[in-house]
Amino acid sequence: MQNSKLWMITLIILLIVTKMAVAQSPIPTTLEGPFEPATRRFDPSLRRGSNDLPMDHPRLKKNVTLNFPEQIALAISSPTSMWVSWVTGDAQIGKNVTPLVPSKVGSEVRYGKESGKYESVKKGVSVVYSQLYPFEGLLNYTSGIIHHVRIDGLKPGTKYYYKCGDSSIPAMSEEHAFETLPMPSQSTYPHRIAVVGDLGLTSNTSTTIDHLIQNDPSMILMVGDLTYANQYRTTGGKGASCFSCAFPDAPIRETYQPRWDGWGRFMEPLTSRVPMMVIEGNHEIEPQVSGITFKSYLTRFAVPSEESGSKSNFYYSFDAGGVHFIMLGAYVDYNATGAQYAWLKDDLHRLDRTVTPWLVAAWHPPWYNSYSSHYQEFECMRQEMEALLYQYGVDIVFSGHVHAYERMNRVYNYTLDRCGPVYITVGDGGNIEQVDVDFADDPGKCPSAGANTPEFGGVCHLNFSSGPAKGNFCWNKQPEWSAFRESSFGHGILEVVNSTYALWTWHRNQDTYKEDSHGDQIYIVRQPELCSPSVKPSVAPSVPSLSAALHSLVLSLSLPLLGMFSLLSSSK
């Protein structure tokens, strides 16, 4: 009886709120889609980019003595375990460098549920790496000692305090704290998931990260192109590439590895308390002698590759509450006959959507992209993998690479499809290469078929075989699958409300100091009853039904209130 009264009171409140808010503009939902394509052009009052932060910038400088930890970072291992990584010792750069001996400094984490009381101790591994260039004018580098420790036995949704380092020296860090993510369940989700890509280390990067910190995320998805260390010496920090004049006699260009150390220090105030999950981008390739690539990326970051059965840091998966994340590698073999595809198929097959209803994928280069930059660049990867992801009902896909923002209507194989994923490009973190402003559908801006060659894989550029752009390489207007696009720097926040609704908000850097301001916002709605493999429709209707529109209106207004009631109930 009491429960029915509470429900009636809740319903009355919801109806009152709905009636009061009808005159206002509710947050749209994907149930109302597909939407008419919309473009917000670049604001000419803003700068397209900013210079790199110098190495002596206070946020990049080393502030600890020799063997004390710095560049501390967390990464999810499992719902009950966490990776803790850090660096000790001094990196070296010059013609002649001598690697440090990793075993001379221990890898140890002490942790517990109370500040100052560390009941558990775990030890891990340490390693160094070198970036070598036997060419005149190029500088060799060898890293500090990089430590990785996996701490386990953690309780989900719990705050832990920790110190890392080597207690035998002694050289332990200051105390840091983090909160573990919820257990996989259809009723528990991370508080806020930050999504950012193509970050770099510029003044715009500072604005992006400061803004992101204000939004208080519980985890971070970093979708590739982290430091732009390979741009630093070739651009002189000014964003104007001059590879040939910087290294005229070298067959490969140098990547300035101290930028990785500066980036680790820059990010530490965030990554020492919030787990960051990374995936590689093209700027992490960093070729050196003997065909060695990705050395810094593979050495510096701990990811749950073994835990997810991939055995490769280039692709892996993990759970965070009721969300299963798949991180895919675009710069390793993605063909249907390869190891990554086989792992992906197995990972998807083992997934239980009653436990983790949401399925989110991320990789660096976008498949759907209406900007001139990187247009159809990874069409080969799309052709190999898209059908498998669609078959298993991926809900959202995040990518970077294009230095701008774009959100798609639900799409599959370039056709509007209400069961296709919502693809979102967030390659606008603030890097040195400036924001992209040209669209492939603008007059004179359609790339040639020979442009946009990927740094890995084949070229599969195609003319569209159906729809308004049939027979053409580019559309002559914004494609119907592109819902909204804007050339601005920023980051995104995903807030999963329940097993079917998630609020996506894109925050532009220029809105940092404006209360309740954002560049794009929508509720992404799952429809499992419609989109299970056996009942998927082939094409979405062009106009949403009236019932769907009313349904989305009521829910978009009531979801925040339902969230408040849920929070109040859980606190009792």
Side-chain angles (χ1 to χ4, degrees), residues 50-75 83-94 97 99-102 104-111 115-116 118 124 126-129 131 139 141-149 161-178 199-214 220 222 226-229 232 237 256-276 278 296 299-302 430:
S50 60
N51 293 341
D52 272 321
L53 299 178
M55 288 304 297
D56 61 356
H57 189 280
R59 295 173 74 168
L60 276 61
K61 289 171 64 176
K62 185 171 182 177
N63 293 314
V64 300
T65 53
L66 188 60
N67 289 318
F68 280 83
E70 62 157 358
Q71 306 178 47
I72 301 169
L74 303 172
W83 283 105
V84 184
S85 303
W86 68 93
V87 178
T88 59
D90 290 327
Q92 304 163 55
I93 187 164
V97 295
L100 299 175
V101 179
K104 287 193 173 181
V105 182
S107 307
E108 173 187 331
V109 177
R110 296 177 175 268
Y111 57 103
S115 177
Y118 313 115
S126 58
V127 67
V128 300
Y129 77 94
Q131 191 85 9
L139 301 176
Y141 170 92
T142 186
S143 70
I145 301 171
I146 299 167
H147 306 260
H148 300 298
V149 177
Y161 300 85
Y162 73 96
K163 287 186 174 184
C164 60
D166 184 346
S167 61
S168 69
I169 293 178
M172 297 294 288
S173 71
E174 296 180 352
E175 182 180 83
H176 297 276
F178 65 87
L199 194 60
L201 205 49
T202 69
S203 297
N204 280 320
T205 308
S206 298
T207 306
T208 299
I209 291 301
D210 291 346
H211 196 182
L212 187 153
I213 289 172
Q214 289 177 17
I220 308 155
M222 186 72 66
L226 283 67
T227 69
Y228 285 77
Y232 188 65
Y256 192 67
Q257 291 295 297
R259 296 300 282 182
W260 280 99
D261 296 307
W263 195 85
R265 295 169 192 136
F266 176 87
M267 295 294 290
E268 181 182 330
L270 176 62
T271 58
S272 61
R273 61 182 179 85
V274 178
M276 177 179 68
V278 300
S296 185
T299 309
R300 289 178 180 270
F301 298 103

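Predicted model, so just to flag it, every value in this text is computed and none were measured.
Both tests pass for R259 against the ring of Y232: distance under 6.0 Å to the centre and angle within 45° of the axis.
Using a 4.0 Å cut-off between charged nitrogen and carboxylate oxygen, D166 and K104 do not count as a salt-bridge pair.
Counting only heavy atoms from C-beta outward, the side chains of T271 and L74 never approach each other to under 4.5 Å. Taking 4.5 Å as the limit, some side-chain heavy atom of P258 sits within range of a side-chain heavy atom of I93. The closest side-chain heavy-atom distance from R265 to K61 is not below 4.5 Å. With contacts defined as side-chain heavy-atom distances shorter than 4.5 Å, the pair L226/W263 qualifies. In this structure, the side chains of K163 and E108 stay at 4.5 Å or more apart for every pair of heavy atoms. Using a 4.5 Å heavy-atom cutoff, the side chains of H147 and W86 are in contact. Taking the side chain as every heavy atom from C-beta outward, E268 and R59 never approach each other to under 4.5 Å. Using a 4.5 Å heavy-atom threshold, the side chains of F266 and L201 count as touching.
Across A177 and Y161, no two heavy atoms sit closer than the pair CB-CD2, 3.8 Å. Summarising the geometry of P69 relative to A171, their closest heavy-atom pair is CD-O, 3.7 Å, with the distance given to 0.1 Å. Shown here for R300 and Q257, the closest heavy-atom pair between the two residues is NH2-O, 4.3 Å.
Listed for the T202 side chain is no donor-acceptor partner under 3.5 Å among the backbone atoms of L53. Listed for the Q131 side chain is no donor-acceptor partner under 3.5 Å among the backbone atoms of S296. Looking at S126, its side chain does come within 3.5 Å of a backbone N or O of P102 through a donor-acceptor pair. S173 places a side-chain N or O within donor-acceptor distance of the main-chain N or O of C164, the cut-off being under 3.5 Å. No donor-acceptor distance shorter than 3.5 angstrom exists from the side chain of T142 to the backbone of Q92, with no hydrogens or angles considered. Checked by atom type and distance alone, the side chain of S143 pairs as donor or acceptor with a backbone atom of Y129 at under 3.5 Å. A donor-acceptor pair under 3.5 Å is absent between the side-chain atoms of T208 and the main chain of G430, judged by distance alone.
Taking the ring-ring contact (aromatic ring centres under 6.0 Å, His included) definition, one finds that H148 meets it with nothing, sequence neighbours left out.
For the 3.5 Å distance criterion, the side chains of D261 and Q71 qualify, holding a donor opposite an acceptor.
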Self-check item: I169/F68 under side chain to side chain contact (heavy atoms under 4.5 Å, CB included): CA gap, chis, key distance, verdict
Solution: CA-CA 9 Å; I169 293 178; F68 280 83; over 6 Å; no
Exercise. Please assess R273 against H176 for the test side chain to side chain contact (heavy atoms under 4.5 Å, CB included), listing each intermediate value before the final yes or no.
Key: CA-CA 7 Å; R273 61 182 179 85; H176 297 276; 6.0 Å; no
Quiz prompt | Worked verdict on S50 versus N204 for side-chain hydrogen bond (donor to acceptor under 3.5 Å, both in side chains) | solution = CA-CA 6 Å; S50 60; N204 280 320; 3.2 Å; yes
Practice problem: Report the C-alpha separation of S115 and E175 in whole Å, then their side-chain angles, then the decisive distance to 0.1 Å, and conclude whether the side-chain hydrogen bond (donor to acceptor under 3.5 Å, both in side chains) test is met. | Solution: CA-CA 8 Å; S115 177; E175 182 180 83; 2.7 Å; yes
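The 12-atom threshold is not exceeded at CD of E174, counting heavy atoms of other residues, nucleotides or ligands nearer than 6.0 Å.
I213 contributes atom CD1, which lies 5.0 Å from atom CG of L270 (distance to the nearest 0.5 angstrom). Between the OG1 atom in T205 and the CG atom in D52 there is a gap of 7.5 Å [rounded to 0.5 Å]. Once rounded to the nearest 0.5 Å, the distance linking CG of L199 with OG1 of T227 reads 9.5 Å. A distance of 12.0 Å separates OG1 in T207 from CG in L212, rounded to the nearest 0.5 Å.
Tested against Y162, the residues F178, Y118, Y111 include a single ring-ring contact (aromatic ring centres under 6.0 Å, His included) partner, F178.
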